[in-house]
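Below: one structure, written as structure tokens.
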Amino acid sequence: MSKEKILIIAVKQKTQSDELFSSSLEELISLSKTAGGTVEKVMTQNRNRIHPATYIGEGKVHEMIAFMEEVEIDLVLSNDELSAGQLRNLTDLLGVRIIDRSQLILDIFAMRARTKEGKLQVELAQLEYMLPRLHGQGVAMSRLGGGIGTRGPGETKLETDRRHINKRIDDIKSRLKQVVNQRTQYRKRRKNNATFQIAIVGYTNAGKSTLFNRLTMSDSLEEDLLFATLDPLTRKVRLPSGFELLMTDTVGFLQELPTALIASFRSTLEEVVESDFLLHVVDASHPDKVQQQDTVNRLLEELEANHLPMLTLYNKRDMVEGDFIPENHPYLLVSAYDKKDNELVLQKVEDMLKEQWQPYSVELNPDQGNLINKLTKETIITCKQFDEDKNKYLIEGSIRKDHALNHFLL
């Protein structure tokens, strides 16, 4: 299948820094590649404010038309969200399909969703995004079938059938409610079983899935593409002491994630909120790493997960040039492909937990094997020896302050 040819248009407003503007364009080009298109040209314009009718100025529109007469363009992609009016006006002037950054992100999510829940969440976000813009997309939708920005909900009669969309939105919401309830029950069970949970968070394409796969010996999707992982995966991990925990790989964060998307992925992102510890993976070699970290930290704040203990893993150390200065502490500079680094990560997590947890010391009889086993899996044992004179096991370790075994040990 031939790749769609894309023309990107972007307005740089006075309030935006040059760095932020160029990094958002780099990201948009990456997103276009992930969606299966090739960017033929990027047209930018400096303006005090976005043009209310056509997003960019009249002169730039004529420049676009001239370029499109020379190069056959399949899709015009805007760096900012477009209103229904801007969509309609640009479609009339240019005669090709036009989508904006948010639609592109939603489209990639539609392509990536694997689970029933993921697919429903993406469709909900797409429909809610589309509803106020139906009027603007009417012509484009009726004229074109398929392509980037059209995956997900079917294109037929969308411009006239608001009732149908609203009904579908209600239907998806009620189905997602059931999924959310199941997830809540599952989380409750984990809490009751005192299961410790770590969530891997980070900017998209920082190497979260690679790290997750190495730490959990599993095979979640690893690709050098944005949003390779969409549905959260959870696996069991054992720390050096034998302590067992669950680790979850989460969807990558991104600058300016569409609001509809954050809202509809709430339950997926709740995996982050409900966890006990965060591993924040950062691409240490990325020129925009500072900004990417800020984006993740801001989203964690929005999710009210910024109070959780966190270890920052600066990944891709083999690609770092020059001196490395970390912005976040505590941290490790690692390569997800290095076995020793991964062992170091698990050791560091264990050390951090020991600092936060309560120390305990207990003497147990040899016939208390079940309890010894429970302590090995659910606490961090630092010393275990058998005293022959007393005929007892002497065990020292650290335990979570809210663990049910506390009443027995302390």
Side-chain angles (χ1 to χ4, degrees), residues 2-108 129-130 132-144 146-150 155 158-159 226 254-259 287-288 291:
S2 66
K3 294 194 168 196
E4 286 183 74
K5 292 179 178 178
I6 299 171
L7 168 62
I8 287 177
I9 54 172
V11 170
K12 182 186 179 299
Q13 296 181 76
K14 270 196 175 150
T15 50
Q16 227 175 351
S17 72
D18 290 348
E19 294 78 29
L20 196 66
F21 183 65
S22 67
S23 86
S24 78
L25 281 177
E26 283 298 313
E27 200 163 81
L28 196 58
I29 292 166
S30 254
L31 287 164
S32 304
K33 177 189 152 197
T34 299
T38 53
V39 176
E40 295 294 322
K41 192 176 175 71
V42 178
M43 286 189 175
T44 63
Q45 186 175 41
N46 294 333
R47 293 181 66 87
N48 290 336
R49 64 190 186 94
I50 281 168
H51 195 291
T54 52
Y55 175 63
I56 54 172
E58 205 179 316
K60 220 36 158 181
V61 172
H62 290 307
E63 209 181 300
M64 286 170 70
I65 292 167
F67 174 74
M68 286 163 70
E69 280 170 3
E70 289 171 35
V71 180
E72 205 174 301
I73 290 294
D74 302 298
L75 179 72
V76 170
L77 174 56
S78 148
N79 195 29
D80 299 282
E81 276 194 14
L82 298 174
S83 67
Q86 288 165 338
L87 257 177
R88 187 172 59 252
N89 295 334
L90 280 172
T91 305
D92 290 345
L93 287 164
L94 303 171
V96 295
R97 201 155 32 90
I98 294 162
I99 65 168
D100 59 30
R101 180 194 200 92
S102 293
Q103 269 172 292
L104 181 66
I105 292 170
L106 290 168
D107 190 62
I108 292 167
Y129 184 77
M130 221 179 261
R133 293 171 177 82
L134 282 183
H135 194 41
Q137 290 185 327
V139 187
M141 291 248 169
S142 56
R143 206 190 305 155
L144 297 141
I148 295 172
T150 62
E155 289 84 43
L158 275 181
E159 63 274 20
L226 302 182
L254 192 68
Q255 275 183 62
E256 299 158 55
L257 265 180
T259 325
D288 293 319
Q291 194 186 303

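Computed from heavy atoms alone, side chains included, the values below leave out hydrogens, waters and symmetry copies.
By the side-chain hydrogen bond (donor to acceptor under 3.5 Å, both in side chains) test, N46 is found to be paired with no residue, residues two or more places apart in sequence or in another chain being considered. For H51, the side-chain hydrogen bond (donor to acceptor under 3.5 Å, both in side chains) partners at least two apart in sequence or on another chain are T54. Under the side chain to side chain contact (heavy atoms under 4.5 Å, CB included) criterion, E40 pairs with K5, T38, F67, V71, I73, sequence neighbours left out. Residues meeting the side chain to side chain contact (heavy atoms under 4.5 Å, CB included) test with T15, sequence neighbours left out: Q13.
Atoms OG1 and CG, on T44 and N79 in that order, are 10.0 Å from each other to the nearest 0.5 Å. How far OG of S24 is from CD1 of I29: 9.5 Å, rounded to the nearest 0.5 Å. Within the model, atoms CG of L31 and CG of L25 stand 11.5 Å from one another, a figure rounded to the nearest 0.5 Å. The structure places OG of S83 at 9.5 Å from CD1 of I50, a figure rounded to the nearest 0.5 Å. Note that CG of L82 and CZ of R101 are 12.5 Å apart. Values are rounded to the nearest 0.5 Å. The distance from atom NZ of K33 to atom CD1 of I108, rounded to the nearest 0.5 Å, is 11.5 Å.
Under the 4.5 Å side-chain criterion, counting only non-hydrogen atoms from C-beta, L90 is not in contact with V76. Residues L104 and L28 form a side-chain contact, since some pair of their non-hydrogen atoms from C-beta on lies under 4.5 Å apart. When side chains are defined from C-beta on, D100 does not count as touching Y55, because their heavy atoms never get closer than 4.5 Å. I9 places none of its side-chain heavy atoms less than 4.5 Å from the side chain of Q45. Annotation: side chain of V96 is not in contact with side chain of L75 (no heavy-atom distance under 4.5 Å).
A salt bridge (Lys or Arg N to Asp or Glu O under 4.0 Å) check over residues 43-54, counting only residues at least two apart or in different chains, returns nothing. The salt bridge (Lys or Arg N to Asp or Glu O under 4.0 Å) pairs that include a residue from residues 61-72 are K60-E63, where partners are two or more places apart or lie in different chains.
The minimum heavy-atom distance linking L94 with M68 is given by the pair O-CE, 3.9 Å. Pairing each heavy atom of N89 with each of A53, the nearest pair is ND2-O, 2.9 Å. Shown here for P132 and A84, the closest heavy-atom pair between the two residues is O-CB, 3.5 Å.
The residues D74 and K3 are annotated as not salt-bridged, no charged nitrogen and carboxylate oxygen being separated by less than 4.0 angstrom.
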